[in-house]
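Each chain gets a letter, A, B and so on, in the order the sequences are listed, and its residues count up from 1. Source: prediction; values computed, not measured. Keep in mind that the numbers below use all heavy atoms, side chains included, and drop hydrogens, waters and symmetry copies.
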Amino acid sequence: MGDESKKTLSKIPLLKTKAGPRDKELWPQRLKEEYISLIQYVQNNKKTDNDWFKLESNKEGTRWFGKCWFIHNLLKYEFDIEFDIPVTFPVTAPEIAIPELDGKTAKMYRGGKICLSDHFKPLWGKNVPKFGIAHAMALGLGPWLAVEVPDLIEKGVIKYKEKEQS
Amino acid sequence: MTAVDWEEVKRLAADFQRAQLTSTSQVLSERNCVEIITKLIESNLLEVIFTTDGREYITPQYLLKEIKDELYVSRGRINLVELAKTLNVDLSHITARIPEIEKSSGCSIIMGQLINKNYQRTIAEEINERLQRDGQITTADLTKLYDLPGDFLQSVLERNLGKIIKAKQDKSDSRVFFTQAFIEKCKGIVKGALRALTRPTQVSAILEATDLQERDFYYAYDCLVEDKQTFGSLTARQGNATFIPQMYTKQQSDWVQNFYKQNGYLEYDALTRLGISDPVSFVRRNYSDLLHLPTCAVGSLLIDQIEAAVEDAISSNSFVDLMMIVPSIFSPDDVAKVLEAVMKRSKGKSAPLIFSDTVLISEGFVQEVLKPFTDKGIIQKKAQQAINDGSYIQLQMEKKLGRSLGKEKMDDNFDSKADKKEERRKKAGSGKSGGGTQGRETKTKAAPKKKGRSRKESGGSENEVIDKKLEFFTPEEVEGELSSNKNLEELEDSGVLTDFARHITPLLNKTTYETTARLFEETLVSGASQRRKAHVELENKLENWLLELKLTERSIKLFPFADTQSRLTASVLRMVGTEVVNAIFSYATSADGSSPVDPKQITAEMRTKLLADVNGDLHDALASLHKTLYGNSLEEFISSAEAALSLTGLLGRKSDKKKEKQFIHKRREYLLSELSIETTPALVLQLATLTLFQAATGHILQVSGKFVPTILAFLKPHLTDEENAILQAYQDKLLKLLSVDSEEMEAELKTILSEEMPKIKELATTYKKMIQKDN
């Protein structure tokens, strides 16, 4: 983990409540903390001109979806992302998937779920329940994109799509 | 509660969406900025300079300003490297700006340092202060002090000289600067020091005493030279220069002048002792007309003196040892040179001899020295000796031989021949008395006639060579002779006696050689007269012998028996004939110039040998003579002897009666006188018999004693019985005497014989008288 990412990570507020979607009582509390954390992270990103994703969830906050993008050689590559909150959340980290890249890279499970680095899981495990969705994004998807996308672009697997999104 | 929570969640989700929707603030990230600027720089739209850490950019104008500020802050001098560090800019950017700065503000870069005019002025002022304090300063000192290159400081100094810096530049060393005060001070010190000196002094010693720098000393000295206040001169400008005070030089030259005036010469050693390092050139510089010798220079005064002495010696026929005349410091080489010069001057006069380079001996003196040799007869003695021992003749022979061999060969063999000759001469000397020399003498006698002529023809040089060969005197001998001469004691003291002896030895030898030659000629002349005399004598003798033979022949014919006749003839031939033959042979063989053989020593064998040497008619004549000697006829012998004599030119007048008579008379006189003094009985009887025979027959007879009985028998008829008896008795007694064995008898007979002797003698003489009476 580089200095930059550490710095970024430290600016994401930590969570307190240990509750999954099944905990009727505490889940909203957890969800509130998730949102606060996410808002803060997004605001941080915006401030540093490093905004790289957009997320929204269903009413219950169990299913999340949105977009993420990566700028390479002054070109912006955009991908849809989606993931479910596992029932064992927050002990188990959410599995973020990029369905459109399913089968295009080896670093991916079936259904477009990204393979996270070896560091991720123990790090997450150590920080239960302090890490939330924002952390999963920053520690999981962010680095994956930085590593895989340039490689995929190079291989010609991903093609730049003009004005797909304004 | 839950509802409220969900409400809150809803609101938060809305907030989240809002947050996500707010446009991203257009803040350029650092990365972007760098990218943008890089792009701009790439497209030459922007000119900026990176700081060393790469985080900042500055414009060149700003950099210029900053550099100027920094320069001002650091009082006008700053190191570029330091500048780069403080401005946090790469050094290359700063160096790139330097020309601009130099142009705009009159700064300069010295050894990586930026220096402006202000700073130069500052150091100039500082230097001036230092100069005023110390009196002098060198660029080298300043270089150390300011850590700036000497050239730069030099230019600063020179630019400000007379403006800010009040000093003078050293003329000999532009890197040194003085204040006037300092120069004055040095001048004062040096002047004092130099004035105080009276002897040549090393500059280093002066420096030590005055505590001055060498440079300062020389500068001050130069100033003093300009002011003409140096009181002396320096030998050099280098480290071991010496200052020679004027006073010292003056005293030195005064001393030299005086010495020369007094003594007429200058000794280099003395000059060196005086402190003149190169006396020869010193003398040459100051005295033009001196004669330069190895150890000294001589003035005309002394040369004149020497010349006078030399001339005196020549004119007074004496010698002079110049070592005694010249000052004691003169070496023999010097004297030799002087002498050479003097001799050159007095060219044309007689050249005297010079020994040991210094001793001059006049020709006259040599003659004087040689005189005693002649007067005392040493030369004559030597010459006589040379002739006597044959070495002179030997030499002449050698010369003759050598000439015939040819000149080259002679040169080649010169040494070996000389040796051989020496050897031979020794042999000749030692074997003189022995008989073996006879042959050689024969040869040497033959030489002179031809030699006399050839010697005149030969060149002088050859003569000299010959002279050398014959060494009458050795130098040692001459030296010994000379050392006894009182006049030469002085020469001996000079140690040239040996040389002198060596010189005059050849002269002596030459004189002796001439003397020898003269003596030899004289000897030859006297020899010739002797020969003439001997010739006459021989002639007479031969004549007598022949006459005797003729007369004897006649006498022999008186004897009745042929046997007796032939026996007598043989005896006479053996006695007289041999003598005649030998005399003829001896004369004939010596006629060609060789020395005569002693006639008495010639034997029959020698005669045959001699015969072989003789040629022509003479040979035949001598051969027949030799033969007739052993013949039986006196007549034949006489005729052949006469023939031989006529050939050899010995036959004089013809015999005549008168002469014969005279001869007979003489003969009788001779016989009578012999008889009167003779005491031996046998001889008395023989003489008496012969006398009686002559008286009886009027013919002479010359026979040996064994014919006495025969003659007595022949005489019997001519004598009286009494006389015959006396003779017979005496003869018998004689015969008895020969056959007796006892001594008594012998003595007795002898007394009887001697007693009867007067009787016999009387008989012989009286018989003669009787005959005369008869006649």
May I ask you to check whether over 12 heavy atoms, not counting those of R133(B), lie within 6.0 Å of atom CZ?
-> yes
Of all the heavy-atom pairs spanning L31(A) and V9(B), show the shortest one and how long it is.
-> CD2-CG1, 3.4 Å
State, yes or no, whether a side-chain contact exists between K54(A) and L21(B) at a heavy-atom distance under 4.5 Å.
-> yes
Separation between CD (Q29(A)) and CD (E8(B)), nearest 0.5 Å, reads 8.0 Å
Quick check: are there more than 12 heavy atoms from other residues, nucleotides or ligands sitting under 6.0 Å from CZ of R75(B)?
-> no
Donor-acceptor pair, Q17(B) side chain versus L55(A) backbone, under 3.5 Å?
-> yes
Rounded to the nearest 0.5 Å, the CD atom of Q20(B) sits from the CD atom of Q43(A) at a distance of 10.5 Å
Any side-chain heavy-atom pair from F16(B) and E56(A) closer than 4.5 angstrom?
-> no
How about Q154(B): does its CD atom have over 12 heavy atoms from other parts shown lying under 6.0 Å from it?
-> yes
